[in-house]
Amino acid sequence: MKKHLLTPGPTPVPPEVLAATAAPMIHHRAPDFRVLLERTVGRLQQVFCTTNDVLLFTASGTGAFESAVANLVSPGDSVLAVSHGEFGERWAKLASVYGADVTSLAVAWGETPRADDLARALAEKPADVVFLVHSETSTGVVADIEALAAVTKAAGALVVVDAVSSLGAVPLETDVWGLDVVVSGSQKALMSPPGLAFAAVSPAAWERCELATSPRFYFDWHRYRKSYESLGTPFTPAVATVAGLDVALGMILDAGLDTAFARHAALGRACREGAKAMGLKLFSPDDESSAVVTAIFTPEGANAKELVLALRDRFGITVAGGHGDMATRLFRIGHIGWFDVFDITTALAAVELILTDMGAPITRGVAVSRALEAYGEAVAVP
Ligand SMILES: *Cc1c(COP(=O)(O)O)cnc(C)c1O
């Protein structure tokens with residue numbers, strides 16, 4: 001059976017990228033790897049829109065999260081995590097593991113966090129570091145990081161952003177927005193296999209890192225910066241994944257970041273319009289910000305877990321389920337990275353078939369054509 005990977009991570013990997021990962025192995029202390037590393041990090045800086053150091057770890061995205069906490073937070077430090085889903089909760093848990101005094105600014109799942117609420121929370125209880133999530137993959141909400149970062153800076157705290165599923169999909173301006181640390185990973189919009197995580201670190205974050213007393217070894221940022229001086233990495237990196245990522249970043253930058261952002265917005269629009277045409281209700285916001293993943297309710301009585309399994313077993317299509325309590329009600333179609341509109345119509349057509357078999361009350365025969373039509377529509381000017 002042909003397989004279709006339509007989740008928000010890992011995501012499909014283009015053949016050129018896969019081919020690069022299959023090249024003969026090179027040694028990570030040899031000159032050819034140095035050239036590759038230097039080029040890849042330079043490309044990452046362009047995608048992060050930063051001149052800050054971008055550190056590269058062999059880890060999943062959560063490894064870069066942990067590096068940020070370990071290098072910035074000392075036991076007893078006051079930190080605030082803005083939590084509007086699974087990944088905001090992860091920041092809060094991680095910071096408490098490191099002994100921080102954690103305040104969670106919890107926003108209901110599916111809601112978008114507001115800058116004035118953050119400003120109020122920071123006025124009530126100041127924080128040294130604020131942790132944010134750009135694209136909350138569990139809900140489909142993309143937060144206004146520029147506004148949240150501005151109130152964080154105004155309150156004198158360092159701003160740390162999870163951009164794992166947003167980097168390369170929606171605009172993110174590390175330097176212009178003054179983001180101190182931005183973390184991401186290889187396996188989402190960057191069209192590469194899992195295995196690499198990144199942290200872009202500002203001069204202010206480096207200053208705080210000097211003072212942080214939490215124990216760290218593998219994720220000690222200083223080791224990475226020191227190795228970079230000789231164009232190396234402190235430990236054996238995932239060499240093959242770096243080779244693939246280099247090619248993927250080259251593809252993204254050659255086409256231009258704006259092209260990628262416009263494609264993601266159009267894919268989100270196609271997915272939303274197709275789902276609604278079928279009569280389904282959206283959980284993720286019904287606007288252009290939802291460019292990363294579309295979270296959709298199944299109709300009353302149709303179990304989303306069964307839908308997800310049937311898609312996989314009958315058609316080889318993998319979509320994501322809902323997290324936690326949402327598992328029976330929600331499914332999520334990803335559209336980050338190497339996706340085109342026919343991936344969206346494939347998902348919609350298959351969902352339509354399975355829901356029909358499940359006896360769910362949906363409108364048939366319209367989702368695919370509505371999605372194709374919406375894909376081509378110009379972005380509405382507000
Ligand atoms: C995928 C993802 C992560 C990282 O998950 P890993 O499994 O550790 O790579 C973190 N935050 C968001 C928003 C994500 O989508």
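Indexing begins at 1, ligand by ligand and atom by atom, following the structure's order. Throughout, numbering of the chain's residues begins at 1 and tracks the sequence.
- Under the 4.0 angstrom criterion for non-hydrogen atoms, Gly9 is not in contact with ligand 1.
- Contacts with ligand 1 closer than 4.0 Å are made by backbone heavy atoms (N, CA, C, O) of Ser135 only, the side chain lying farther away.
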Does Asp340 form a salt bridge (charged side-chain N to carboxylate O under 4.0 Å, His left out) with Arg263? I'd like the steps, not just the answer. CA-CA 8 Å; Asp340 68 18; Arg263 186 180 77 253; over 6 Å; no

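- Asp162 OD2, 2.6 Å is the protein heavy atom nearest to atom 11 (N) of ligand 1.
- In the displayed structure, Lys305 atom NZ is contacted under 6.0 Å by at most 12 heavy atoms of other residues, nucleotides or ligands.
- A side-chain contact (heavy atoms from CB on, under 4.5 Å) with Val79 is found for exactly one of Val129, Val160, Leu94, namely Val129.
- Annotation: cation-pi geometry satisfied between Arg225 and Trp206 (NZ/CZ under 6.0 angstrom from ring centroid, within 45° of ring axis).
- For Glu136, the closest heavy-atom approach to ligand 1 does not fall below 4.0 Å.
- In summary, Glu377 and Arg269 do not engage in a salt bridge, as defined by a charged side-chain N under 4.0 Å from a carboxylate O.
- The protein heavy-atom contact nearest to atom 15 (O) of ligand 1 is Thr137 OG1, 2.4 Å.
- Residue contact annotation: Glu86 has no non-hydrogen atom under 4.0 Å from ligand 1.
- At least one heavy atom of Lys188 sits under 4.0 Å from some atom of ligand 1.
- Looking from atom 3 (C) of ligand 1 to the surrounding protein, the closest heavy atom is Phe87 CE2, 3.4 Å.
- Considering backbone and side-chain N/O atoms, Thr62 comes within less than 3.5 Å of an N/O atom of ligand 1.
- When ring centroids are compared, Phe57 and Phe198 stay outside the 6.0 Å threshold.
- Ionic pairing of Arg114 and Asp144 is not present here: no N-O contact between side-chain nitrogen and carboxylate oxygen is shorter than 4.0 angstrom.
- From the protein, the heavy atom lying nearest to atom 7 (O) of ligand 1 is Ser60 OG, 4.1 Å.
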